[in-house]
2 protein chains.
Amino acid sequence: MSVSLRDVAKAAKVSVGTVSNVLNRPEVVAPETLARVQGTIKDLGFVPNGFARHLRSGNSRTLGLIVPDVANPFFTEVARGVEDAASKRDYAVFLCNSDESATKEDRYINILIEQQVRGVLITPTDVKSDRLDAMRERGIAVTLVDREIKGRKQCSVSVDDIHGGQLGIEYLTGLGHTDIAWVCGPDSIPQVADRGAGVAKAAKFAGATVETIRVSLMNTTQGEEAAKKILALKTIPTAIFCANDLLALGVMRTLRENKLRIPEQVSVLGYDDIEFAASAAVPLSSISQPAYQMGVTAADLLLNECEEAETHEHQQIRFQPQLVERASTGKR
Amino acid sequence: MSVSLRDVAKAAKVSVGTVSNVLNRPEVVAPETLARVQGTIKDLGFVPNGFARHLRSGNSRTLGLIVPDVANPFFTEVARGVEDAASKRDYAVFLCNSDESATKEDRYINILIEQQVRGVLITPTDVKSDRLDAMRERGIAVTLVDREIKGRKQCSVSVDDIHGGQLGIEYLTGLGHTDIAWVCGPDSIPQVADRGAGVAKAAKFAGATVETIRVSLMNTTQGEEAAKKILALKTIPTAIFCANDLLALGVMRTLRENKLRIPEQVSVLGYDDIEFAASAAVPLSSISQPAYQMGVTAADLLLNECEEAETHEHQQIRFQPQLVERASTGKR
DNA sequence: GTGAAAGCGCTAACAG
DNA sequence: CTGTTAGCGCTTTCAC
């Protein structure tokens, strides 16, 4: 069925060792032998068996990337960054989707260990990190994406979520809003908790009232649910700050269905600044994060740790979020 | 570093063979031995090395999925379907992004062969399919997603793209449009070619004029480029049909920036019906494809071929596209 | 029911 | 520079 290194050796009339050398240390084999062996490799269409290869050498050229939601453009942007950086250094990436579930996350971590990935990029679902230690014990490098765990000896690339939350509220209160809804997922999601902390802090400072509307998932459908809850409120807030753009898009959809004018009657502010935010019904103002750049940075950090383990120093890189003003927000 | 099966054997005072049996044929080992060994496996935190495992047995539990663009929500939907179906049967999926480039596609195919994936789901970049044969020769099952190659002995899940193209034009001409722009990527993309063929056919039948605006990539940025080209035309068509929603979103953005009213002055019709189509500035009418369902179906077909190779029969499953009418299209 | 032993395809010493 | 050989960690006969 499959052509093996042994077959190549036989056909080229050399030993398996030489074929192996052609593959891994071409500079050490005689030019003509090299050419001949490379020729037969091509003729036979030989592709080395990665399993066997790395079984022996002990390290693969694959990475794992575990994100909470591939359907969220923010994470696909991150993924693209990771992939580009990895592929530049000839690594392949397993993209895994934890769906914000610790069970699924665990399952994937196991699979990745089985697959003997060299390193893992992960946006952990929650704070419990013994699974991460399990990987590290096995010599798998781990770097955190969009998340930072204090006091851990590992690389991370994150965004200052507390600041992002503040930024949003400061902007909204600056516009004159004092009655604001904060739409978010469960506090077990660290990003949510941090952004929420920033929101609370800034609101207190500005003397604004913040009503928290909590939903289970951070997608458009749940955004619609959140909007219904808001519409059921005694007094409808004049501004709604959403923990991500997907929620905001859902909120806006329902608001518009109910004939509320954005931003005249209600301002809506999102978070992530995904590409679609700009083409939304009312172009969405949002707190922007450098998704692609985060992916690239994280992958570079991880690969550096993989390939130069001795000299590698763990780094915590933190980006700053930025406000992008569009049409969905306005003065009170 | 890593705990091996041998360590477990030693700790549980059994032979490696028995531990292997515990893992693979638990029913064959004595209950108490089973319990004891499972206990030590847990204590030691042993995770079998997938490489070694499948090196011997010859088959892995991983699949590859190669799509032209992960940033396109249509394909992330497909990917979710694939992942859900695969994970239900305990398979992991490598998500690879070919970026519509044959080179990248080749590169990934090689990586997947190296990784000894059991099967591959692919939306091939172009018609040349010798790379697919290379995989099949190695015993890797291949199924085509969103694409059908006639006369090939393989499974495929596709949508009738010719019909989709027709559907769009029929709808638009039914609305009274006779001067239509068809915005699409290069004809080397089979979906584009097929949809284009449907467009041409239906236009001819209805006696409508179709101006083809071709761009290099099918994303929003290129949609904006396309719109600029359209605006430069002598007479601006009354309807624009885009080969995917990303293009349509870009087109609409630029149109609106130029103060053209949709649908009063120009109707815009997309293709794919991605989730964001509904929340666009003007909710986008679109030709809908059952993305998630396609992913599930394709993965099931593939896994069936992997696991029941003898009884497996290749199937060509073709879904029908459907028109979803929203606000971006109107009577001429 | 369990153990011993032979590989799976490859890499990495080490001889020659 | 090339060949030989001993494993990597596991599965899989085949005896016991």
Side-chain angles (χ1 to χ4, degrees), chain A residues 1-38 40-41 44-62 110-111 113-118 138-140, chain B residues 1-38 40-41 44-62 110-111 113-118 138-140:
Chain A
M1 195 166 71
S2 223
V3 190
S4 81
L5 181 142
R6 192 175 260 94
D7 299 328
V8 175
K10 209 171 292 174
K13 297 194 196 312
V14 290
S15 74
V16 291
T18 302
V19 181
S20 176
N21 278 335
V22 168
L23 258 31
N24 305 297
R25 279 87 105 315
E27 68 282 5
V28 85
V29 7
E32 50 216 76
T33 320
L34 183 67
R36 181 158 43 94
V37 175
Q38 282 173 336
T40 52
I41 285 179
L44 271 51
F46 166 71
V47 177
N49 179 330
F51 277 24
R53 190 170 202 171
H54 306 124
L55 170 57
R56 187 61 233 250
S57 67
N59 54 48
S60 69
R61 291 192 83 78
T62 55
N110 249 314
I111 291 177
I113 294 178
E114 277 195 34
Q115 289 296 315
Q116 305 280 110
V117 295
R118 189 79 172 273
R138 282 190 170 64
I140 299 177
Chain B
M1 197 164 71
S2 225
V3 191
S4 82
L5 181 144
R6 192 176 261 92
D7 299 328
V8 176
K10 208 169 294 173
K13 297 195 196 310
V14 290
S15 76
V16 292
T18 302
V19 181
S20 175
N21 278 336
V22 169
L23 258 33
N24 305 297
R25 278 88 105 314
E27 69 281 5
V28 86
V29 5
E32 51 216 76
T33 321
L34 183 67
R36 182 159 41 96
V37 175
Q38 283 173 337
T40 50
I41 285 180
L44 271 50
F46 166 70
V47 177
N49 178 331
F51 278 23
R53 189 168 203 172
H54 306 123
L55 170 58
R56 186 63 230 250
S57 67
N59 53 49
S60 67
R61 292 191 83 79
T62 55
N110 250 314
I111 291 177
I113 294 178
E114 278 195 33
Q115 290 296 316
Q116 305 282 108
V117 295
R118 189 79 172 274
R138 283 190 170 65
I140 299 176

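The structure displayed is predicted, hence computed values, not measured ones. Values reported hereafter were calculated over all heavy atoms of this structure, with side chains retained and with hydrogens, waters and symmetry mates removed.
- Atoms NE2 (A/His54) and C1' (C/dA12) sit 14 Å apart, rounded to a whole Å.
- Annotation: side chain of B/Arg138 is not in contact with side chain of B/Gln116 (no heavy-atom distance under 4.5 Å).
- No hydrogens or angles were tested; on distance alone, a donor-acceptor pair under 3.5 Å links the side chain of B/Arg56 to the base of C/dG7.
- Taking atom CG on A/Asn24 and atom P on D/dT2, their separation rounds to 15 Å, with Å as the unit.
- Rounding to whole angstrom units, CZ of residue B/Phe51 and P of C/dG7 are separated by 24 Å.
- Of the inter-residue distances, the one linking B/Glu114 atom CD with A/Asn49 atom CG reads 8.5 Å to the nearest 0.5 angstrom.
- Nucleotide C/dT2 holds its C1' atom 13 Å from the CG atom of B/Leu34, rounded to whole Å.
- A/Val19 comes within contact range of no nucleotide atom at all, as no heavy-atom separation falls under 4.0 Å.
- One interatomic measurement links the two molecules: CG of A/Asn49 to P of C/dC8, which rounds to 12 Å at whole-angstrom precision.
- B/Asn24 is listed as a side-chain neighbour of B/Arg53, based on a closest heavy-atom distance under 4.5 Å.
- Atoms CG (B/Leu55) and P (D/dG7) sit 17 Å apart, rounded to a whole Å.
- If you check C/dA4, C/dT11, D/dT11 against the side chain of B/Ser20, the one that comes closest is D/dT11.
- The CZ atom of B/Arg25 sits 9 Å away from the C1' atom of D/dT13 (whole-angstrom rounding).
- Within 4.0 Å (heavy atoms only), A/Ser4 reaches sugar-phosphate atoms of the nucleic acid but no base atom.
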